[in-house]
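Accompanying notes for the structure given below.
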Amino acid sequence: MIQIHKVPSPCYVMAEDLLRKNLTLIKSVKDRTGVDIILAFKAFALWKSFPIIKEYIPHSTASSVFEAQLAYEEMGSPAHTFSPAYTEENFLVFLKYSSHITFNSLSQFERFYPMVVADGNKVSCGIRINPEYSEVETDLYNPCAPGSRFGATADLLGDTLPEGLDGIHFHTLCESSSYDLEKTLEVIESKFDKLLRQAKWLNMGGGHLMTRADYDVEHLVALLQKLSAKYPHLKIVMEPGSAFAWQTGVLVSTVVDIVENRGIKTAILDVSFACHMPDCLEMPYKPRIRGAYHEPESGKPTYRMGGSSCLSGDFMGDWSFDEPLAIGDKIVFEDMIHYTIVKTTMFNGVSHPAIALWTKEEKLEIYREFEYNDYKNRMS
């Protein structure tokens, strides 16, 4: 258990024992099914923790040249790469740092495949498909919404996989269940069966939240074993992100002021929703606060949480507490490692939280602290 009183504010802090618990489960699914499970950097890219990750999972997926280079340098292995669009300038970099490259469209494949051939066919190429079906309800995270820019539909691909394409990739889930995956696979097998029988690998993308407490891991294992039995020639890959760091850490903040307007009390914090928890405003979702009631309780002290930026909408509420808040009190936001840290900004020049690991030996290891020059150098 992280000892919050030993953590500076503001600070993201991840618990090594919780990370290892997730990794143990993920590796067990990998070992029992023969499916490759790799880390998606878009959700979790704390590279100083990669030595821990690599004890369980050796590979990763990238969606940009920076992520691909990080995979090569810090994971020590080339990336499974997908990008919505490649350019002549960046494709050579992707070739250098990738083992697999997935194209978003046939036109991108046709444009860049000659560069793959010229490089000696060192990477395996795939095409992203759009099954036009997804269980994701939030449009912001639904890659199969009408008119989506992601993937080739069945009518565009036909029944023959173009020469040079080894793999098929889909990504239609978002923090989803194995039953959502099952429904998706039924559609994909119905629409793309002929292509699956011609391919060498199938990448099922991310969104498989197998470390969530209510996730049916045994159902997932049975589902993957069934899929492998139907297509025994396919190497199956999954690339979850959230599952690796789910419920592994917190964002520690401090109350720096309390203001009241028309009966609404706001605790002003030394963190910002806009800068440090942008997913809360994007999705939107209301994070849990340790020791607080998630919804207002009649008769108990109730507060909005106000961010430290000048954006008027940089607040969220309301939470109730057993005792009134005071300046200097710690506010601990739960589950603030996956997606949160990779999406942070330095908008408004707001001071960025430190990043730390609470080790299994129960010591605080500061990964990174941020200074004025981190902000200044991004602006020039």
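Note that these values count all heavy atoms, side chains included, but never hydrogens, waters or copies made by symmetry.
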Salt bridge (Lys or Arg N to Asp or Glu O under 4.0 Å) assessment of Glu88 paired with Arg111: CA-CA 9 Å; Glu88 277 78 6; Arg111 179 178 170 187; 2.6 Å; yes
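- Between Val252 and Pro10 the shortest side-chain heavy-atom distance does not fall below 4.5 Å.
- A donor-acceptor pair under 3.5 Å is absent between the side-chain atoms of Asp257 and the main chain of Ile268, judged by distance alone.
- Follow the hydrophobic side-chain contacts under 4.5 Å out from Ile289 and you reach Tyr303 in the same cluster.
- Counting only distance, with no hydrogens or angles, the side chain of Arg212 and the backbone of Glu175 share a donor-acceptor pair below 3.5 Å.
- Counted by atom type alone, Ser98 and Thr81 present one or more donor-acceptor pairs between their side chains at under 3.5 Å.
- In summary, of the residues considered (Ile57, Ile38, Ile337, Asn22), a side-chain contact (heavy atoms from CB on, under 4.5 Å) with Phe244 occurs for Ile57 alone.
- A side-chain donor-acceptor contact under 3.5 Å links Ser124 and Asp166.
- Between His80 and His59, the ring center distance fails the sub-6.0 Å criterion.
- Salt bridge Lys360/Asp17: absent, no basic N to carboxylate O contact under 4.0 Å.
- Atom OH in Tyr72 sits 11.0 Å away from atom OG in Ser99 (nearest 0.5 Å).
- Within the cation-pi definition used here (under 6.0 Å to the ring centroid, within 45° of the axis), Arg128 qualifies as a partner of Phe82.
- When every heavy atom of Thr248 is checked against every heavy atom of Asp335, the shortest pair comes out as N-OD1, 4.3 Å.
- Between atom CZ of residue Phe170 and atom CD1 of residue Ile127 there is a gap of 15.0 Å, rounded to the nearest 0.5 Å.
- Neither Val13 nor Met336 shares a network with the other; the hydrophobic side chains, linked directly or stepwise wherever heavy atoms of I, L, V, M, F, W or Y lie under 4.5 Å apart, form separate groups for each.
- For Leu269 against Ser253, the heavy-atom pair with the smallest separation is CD1-OG, 4.0 Å.
- The cationic atom of Lys300 (NZ for Lys, CZ for Arg) does not lie both less than 6.0 Å from the six-membered ring centre of Trp319 and within 45° of the ring axis.
- Side chain to side chain, Tyr231 and Asp193 meet the donor-acceptor criterion of an N or O pair below 3.5 Å.
- Residue Thr61 forms a side chain to side chain donor-acceptor pair (under 3.5 Å) with just one option from His171, Glu239, His100, and that option is Glu239.
- Within a 6.0 Å radius of CE in Met1, no more than 12 heavy atoms belonging to other residues, nucleotides or ligands are found.
- Looking only at distances, no side-chain donor or acceptor of Asp119 sits under 3.5 Å from a matching main-chain atom of Asn121.
- Counted within 6.0 Å of CD on Glu323, heavy atoms from surrounding residues, nucleotides or ligands total 12 or fewer; the atom is thus considered open.
- With hydrogens and angles left out, the side-chain atoms of Tyr367 and Glu369 include no donor and acceptor closer than 3.5 Å.
- For the residue pair Asp318 and Thr302, no side-chain donor N or O sits within less than 3.5 Å of a side-chain acceptor on the partner.
- Counting non-hydrogen atoms of other residues, nucleotides and ligands closer than 6.0 Å to OH of Tyr133 gives a total above 12.
- Formation of a donor-acceptor pair under 3.5 Å by the Asn348 side chain with backbone atoms of Cys310 is found in this model.
- Scanning all heavy atoms of the two residues, the minimum distance from Pro51 to Glu55 falls at O-CG, 3.5 Å.
- When every heavy atom of Thr345 is checked against every heavy atom of Arg378, the shortest pair comes out as C-NH1, 4.1 Å.
- Residues Thr254 and Asp329 bring no donor and acceptor atom of their side chains to less than 3.5 Å of each other.
- For Phe370, the CZ atom is densely surrounded, since the number of other residues' heavy atoms within 6.0 Å is greater than 12.
- Checking Phe50, Phe66, Tyr339 one by one against Phe41, the ring pair (Phe, Tyr, Trp, His ring centres under 6.0 Å) holds for a single residue, Phe50.
- Shown here for Cys125 and Gly164, the closest heavy-atom pair between the two residues is CB-O, 3.5 Å.
- For Lys330 (side chain) and Val7 (main-chain N/O), a donor-acceptor pair under 3.5 Å exists by modelled atom type.
- The one candidate from Arg288, Arg290, Gln247 that meets the side chain to side chain donor-acceptor pair (under 3.5 Å) condition with Glu334 is Arg290.
- Under the 30°/60° scheme for interplanar angles, the aromatic rings of Tyr179 and His219 are found to lie parallel.
- Between Lys363 and Glu16, no side-chain nitrogen of the basic residue sits less than 4.0 Å from a carboxylate oxygen of the acidic one, so the salt-bridge criterion is not met.
- Leu196 has its side chain within reach of Ile188: a pair of non-hydrogen atoms, C-beta onward, lies under 4.5 Å apart.
- The nearest pair of heavy atoms linking Thr33 to Ser228 is O-OG, 4.4 Å.
- For His352 (side chain) and Gly349 (main-chain N/O), no donor-acceptor pair under 3.5 Å exists by modelled atom type.
- The local environment of NZ in Lys230 is crowded, with over 12 non-hydrogen atoms from other residues, nucleotides or ligands closer than 6.0 Å.
- More than 12 heavy atoms of other residues, nucleotides or ligands sit less than 6.0 Å from atom NZ of Lys54.
- Other residues, nucleotides and ligands place more than 12 heavy atoms under 6.0 Å from the CD atom of Glu260.
- The line from OG1 of Thr172 to CD of Glu132 is 12.5 Å long, rounded to the nearest 0.5 Å.
- In summary, Lys48 and Glu74 do not engage in a salt bridge, as defined by a charged side-chain N under 4.0 Å from a carboxylate O.
- Within 6.0 Å of CD in Gln198 there are more than 12 heavy atoms belonging to other residues, nucleotides or ligands.
- Atoms CG and OG, on Leu311 and Ser272 in that order, are 7.5 Å from each other to the nearest 0.5 Å.
- Leu185 places none of its side-chain heavy atoms less than 4.5 Å from the side chain of Val187.
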Candidate pair Phe44 and Met14, rule side chain to side chain contact (heavy atoms under 4.5 Å, CB included), full reasoning: CA-CA 12 Å; Phe44 180 80; Met14 178 173 65; 3.7 Å; yes
Step-by-step salt bridge (Lys or Arg N to Asp or Glu O under 4.0 Å) determination, Lys343 to Glu282: CA-CA 11 Å; Lys343 285 192 168 189; Glu282 283 182 5; 2.9 Å; yes
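- Atom-to-atom distance recorded for Glu182:CD and Ser176:OG is 13.5 Å, nearest 0.5 angstrom.
- Between Phe333 and Phe273, the ring centre distance stays below 6.0 Å.
- Of the possible polar contacts, one joining the Thr184 side chain to the Asp180 backbone as a donor-acceptor pair under 3.5 Å is found.
- Between the side chain of Asn130 and the backbone N or O of Thr153, no donor-acceptor pair lies under 3.5 Å.
- Between the CD atom in Glu362 and the CD atom in Gln3 there is a gap of 6.0 Å [rounded to 0.5 Å].
- Side-chain N/O atoms of Ser28 and Asp31 include no donor and acceptor closer than 3.5 Å.
- In this pair, Phe94 and Tyr86 present their aromatic rings perpendicular. The plane angle is above 60°, beyond the 30 to 60° band.
- Salt-bridge check for Asp374 with Arg368: passed, with a basic side-chain N closer than 4.0 Å to an acidic carboxylate O.
- For His276 (side chain) and Ser351 (main-chain N/O), a donor-acceptor pair under 3.5 Å exists by modelled atom type.
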